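Structure first, commentary second.
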2 protein chains.
Amino acid sequence: MPVNSFEHYPMSWKPDSKALKRPLYKSLASLLEQDIVSGFLAPGTKLPPQRELADFLDINFTTITRAYKICEVKGLIYAVTGSGTFVAPNAARSITISRDKTANLIEFGLVSSFEQTNAIVKDTIQKVVDKRYLEQLLNYNDPTGIPYQKSAALNWMESFGIHTDPEHIAIVSGAQNALAITLAALFEPGNRIATDLYTYSNFIELAKIFHIQLVPIKGDQFGMLPDELEKQCSQTNIHGIFLMPSCSNPTTVMISDIRKQELAAVIRKHRLILIEDDMHAFLTAGMIPDYQQPMFNLLPQQSVYICGTSKSICSGLRVAYMVYGDALREKILRAIFNINVKTSSLDAEVITELILSGKAHEIVSQKKQLAQTANDIYSEYFPLKTTVGHPLSFYRWLPIQGHNDAFQLEMHLKGQGIRVFHSDRFLSGQTTPEKYLRIALSSTNSLDELKTGLKILTQYLN
Amino acid sequence: MPVNSFEHYPMSWKPDSKALKRPLYKSLASLLEQDIVSGFLAPGTKLPPQRELADFLDINFTTITRAYKICEVKGLIYAVTGSGTFVAPNAARSITISRDKTANLIEFGLVSSFEQTNAIVKDTIQKVVDKRYLEQLLNYNDPTGIPYQKSAALNWMESFGIHTDPEHIAIVSGAQNALAITLAALFEPGNRIATDLYTYSNFIELAKIFHIQLVPIKGDQFGMLPDELEKQCSQTNIHGIFLMPSCSNPTTVMISDIRKQELAAVIRKHRLILIEDDMHAFLTAGMIPDYQQPMFNLLPQQSVYICGTSKSICSGLRVAYMVYGDALREKILRAIFNINVKTSSLDAEVITELILSGKAHEIVSQKKQLAQTANDIYSEYFPLKTTVGHPLSFYRWLPIQGHNDAFQLEMHLKGQGIRVFHSDRFLSGQTTPEKYLRIALSSTNSLDELKTGLKILTQYLN
DNA sequence: CAATTTGTGGCTACACATTTA
DNA sequence: TTAAATGTGTAGCCACAAATT
């Protein structure tokens, strides 16, 4: 029997108890899902507490717990002990970022990599084709990469501070693919991974696919806060942590060397698996005075270091390097064989040749130059108030005011001819009061187009 | 309080109740896992019934259910209602098949694809490099394939009976990758997929990675038995079915056209998602008199059709085509973007050029010729007693007697210089009394080596 | 700092379905 | 055919932990 009449305490959600079928918890979960996906329950809405809803429906409150759990794992809602359960910011839509050529828009959304440099790659492909061993690249051999390709990879990563042997490196099909492999290999459904409050939206989606919960941790201008991480680790059972130390996506924050060591101490203490996505090492190592080494070096036995070549060398050739501790090796190899079989040796060979011939460094220095120019242009339109973030980042993180509806803002800007992403897309958990736009500087067809787009943006935002 | 003393009914497994910590079910599961992985509990061992073990440990029997469930999802054990719980045949080892070059062995294990034909591919790569639009293949554009590449794909699959539009096809990085994407996109942990008793071992491993349970269904010489499928579907909640109609791996069984229709009726009735791995269509369509069309055509809205080009065209270029119904499209695209971002347009372009230039058909006819010769050689050593199975299969399924320890047999044959796989590797669930070897005919360096290997094998088995 | 609110995790009870004897 | 054995699935009970007031 319900105890209260609820007339004085209106609940934000009153599911029709007649619509409930057995099993109750599944039925309730699907009612909730419907109301969220249909938009009836807006993002941020506080759902009734478990006990209250249970009372209303006259069932046990743990049955509500179960129903809520189903929706939480699907990323539709999130729960905060003590304060309640809320509809997630990105509940009703997919935040996957991919190339979308439908309209003639100025691309500030997807972060490309100044594709102007691809002409250099073209010549190198010809050199690879001329090699007498080309045929050897077309079979099933060496699923994790041919030994000399791995040597070239080590050569490439040496300047970032990575040192290992060919047994602990694998060539995979891009950094995103490396992340998928890592989650498949080392985590189980229901595991938790700590991330920054704002993080790479495709990692959020990947976590959903693998049914891994993300635990957002607060940070400051030097990266994630060790105390906050410590707090969460001691509170709940956390299995891993995802970091992008060289230039966090989307915030452009670089983790300082001291902070790396502090974080490493917490990670070591709680035996987390560190997933270090160091896609931007090429922009940071040797450039930023504070840069010492990747976190992998501090925690080699419990880390996966991922070095993608899409941003630094060429985006269309899907090649990334994974470096891992011995304890993780077997599981990772198994996941690679089952998800990829292998990565095309032809693609890997082109990247290898670019590295060994020195062309890769040439490409990098061109890209740095382009990044410098693009950032200079950006600061003409949006002066950088502080020195926060990476000075050469391929994207910027612009604080905005008064545009709380992420979807609507993105739509309006599309109407203005600009594709850009609102910060809500990058939220790993609950919402925050501050709002931003992530503005890719590396994806327009020309620097003129970049200027045009930024001009439209300044006008729109003022 | 325990009710019985158990002295008269010895249990196969008596965990130390003092070793149990809280939570009980996790602790118990890990004790069980240890004893299985260490080999203390051999494959096939019957575990104590849930109630009996509960009585012994003096806890509730559903706590045992939970512990068993954890191990079942990990593939360590399997449960049969009414008869009990058993240690799985492949519990203690990984059955992932991958290239393994460690020793100088004759390769009868991994199924390659007569790599002699790769010389033709070499010339085509040069043609691709000469194209003026090569640079356009090096960016993030067209993540599911460039429109004309998709047209070529449709062109290629037309002879297999596939007709669709470019919106319902995607280019991915090989058939195994397509399977990973399909499982990630369309299934949830705990879902069940029906498979043949013997099935592709990397699919079994993939199911483990995604925590999907396989439900083995009996079959005969024409493929899976519809009645058995119907029975299982009405008994438990099954979400999908995995079939290789053109030439099942490892049994070489081809599903007859009548059987396809009967199976389709059951699949439709129970709304299963059909995963049709039609890697061998090129060996079957137009070759086998009975061949009419893929099952995709019978169930276009609830099927994923996978057409790999590794076996038919070139194994090192990681390219497969996925064809799917509109209802599945969005989820599949999301999984592709998150697991691959895209497949190398360079690789896809080479395959496209091979198809459009007619070279692909040339390669196929060479491979068919090689397959014919290899099968002829095989039948000199192991006369085919019946007409069961595909006549041109790249591998054969040899019944053997008296070698029940799969691992030991594989080891002994390695000692003889041969790498080959025992049927236990391909078991999707419980064990069977019949034993086989899967013998790859397409992976030796020469036909002479094939003969040598087969000779050693006949001698060993007699 | 204590009381209250709210969510988490684990064990138990029980109805039910299938298989086997 | 019926009874016993055995596994499956759902809901309830309860101790506890964290956050709020």
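Side-chain atoms are counted along with the backbone in the values below, which use heavy atoms only and exclude waters and symmetry mates. Naming: A, B, ... by sequence-line order, numbering from 1 per chain. Note that the coordinates shown come from a computational prediction; the quantities given were computed from them, not determined experimentally.
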message: If we ignore hydrogens and angles and just use 3.5 Å, is the side chain of B:Asp58 paired with the main-chain N or O of B:Asp55 as donor and acceptor?
response: no
- prompt: For B:Tyr25 and C:dG10, is the shortest distance between a side-chain N/O and OP1 or OP2 below 4.0 Å?
  reply: yes
B:Arg192 backbone acceptor or donor facing B:His239 side chain under 3.5 Å: yes
- request: Determine, for A:Phe61 and A:Arg51, whether the Lys NZ or Arg CZ falls below 6.0 Å from the six-membered ring centre while staying within 45 degrees of the axis.
  value: yes
message: Nearest whole Å is fine: how far is D:dA11 P from A:Lys69 NZ?
response: 18 Å
task: For ring-ring contact (aromatic ring centres under 6.0 Å, His included), just list the numbers for B:Phe210 and A:Phe210, CA-CA rounded to whole Å, side-chain angles, deciding distance to a tenth of an Å, and then say yes or no.
output: CA-CA 8 Å; B:Phe210 286 101; A:Phe210 286 101; 5.5 Å; yes
- prompt: When you match A:Gly84 and A:Arg66 each to their closest nucleotide on DNA chain C, which lands nearer the 5' end?
  reply: A:Gly84
statement: note: A:Ile70, atom CD1; C:dT8, atom C1'; distance rounded to Å ~ 16 Å
Residues B:Asp196, B:Lys218: salt bridge by 4.0 Å N-O rule: no
Value in whole Å for how far the C1' atom of C:dG7 lies from OH of A:Tyr78: 14 Å
message: Just the rounded figure in Å: distance from P of C:dT12 to CD1 of B:Ile59.
response: 7 Å
message: Whole angstroms only, please: what is the CD1-C1' distance between A:Ile64 and C:dT5?
response: 16 Å
task: Send over the distance from B:Asp55 CG to C:dA13 P, rounded to a whole Å.
output: 13 Å
- request: Select base, sugar-phosphate, or nothing to describe what A:Thr65 touches, counting heavy atoms under 4.0 Å on all strands.
  value: base
field: Side-chain N,O (A:Thr85) to OP1/OP2 (C:dG7) below 4.0 Å
entry: yes
- prompt: Within this structure, what is the CD1-to-P distance between A:Ile77 and C:dT6, rounded to whole angstrom?
  reply: 15 Å
query: Going 5' to 3' along nucleotides 14-21 of chain C, which nucleotides have protein heavy atoms under 4.0 Å from the base (write B), which only from the sugar-phosphate (write S), and which from neither (write -)?
result: B---BS--
message: For a quick test of reading the model: is some side-chain N or O of B:Gln50 closer than 4.0 Å to OP1 or OP2 of D:dT8?
response: yes
message: Output the rounded distance in Å from CD (A:Glu230) to C1' (D:dA18).
response: 16 Å
task: Check whether the ring centres of A:Tyr198 and A:Tyr436 lie less than 6.0 Å apart, and answer yes or no.
output: yes
- prompt: Is B:Arg66 reaching over with its side chain to a backbone N or O of B:Tyr25, donor-acceptor style, under 3.5 angstrom?
  reply: no
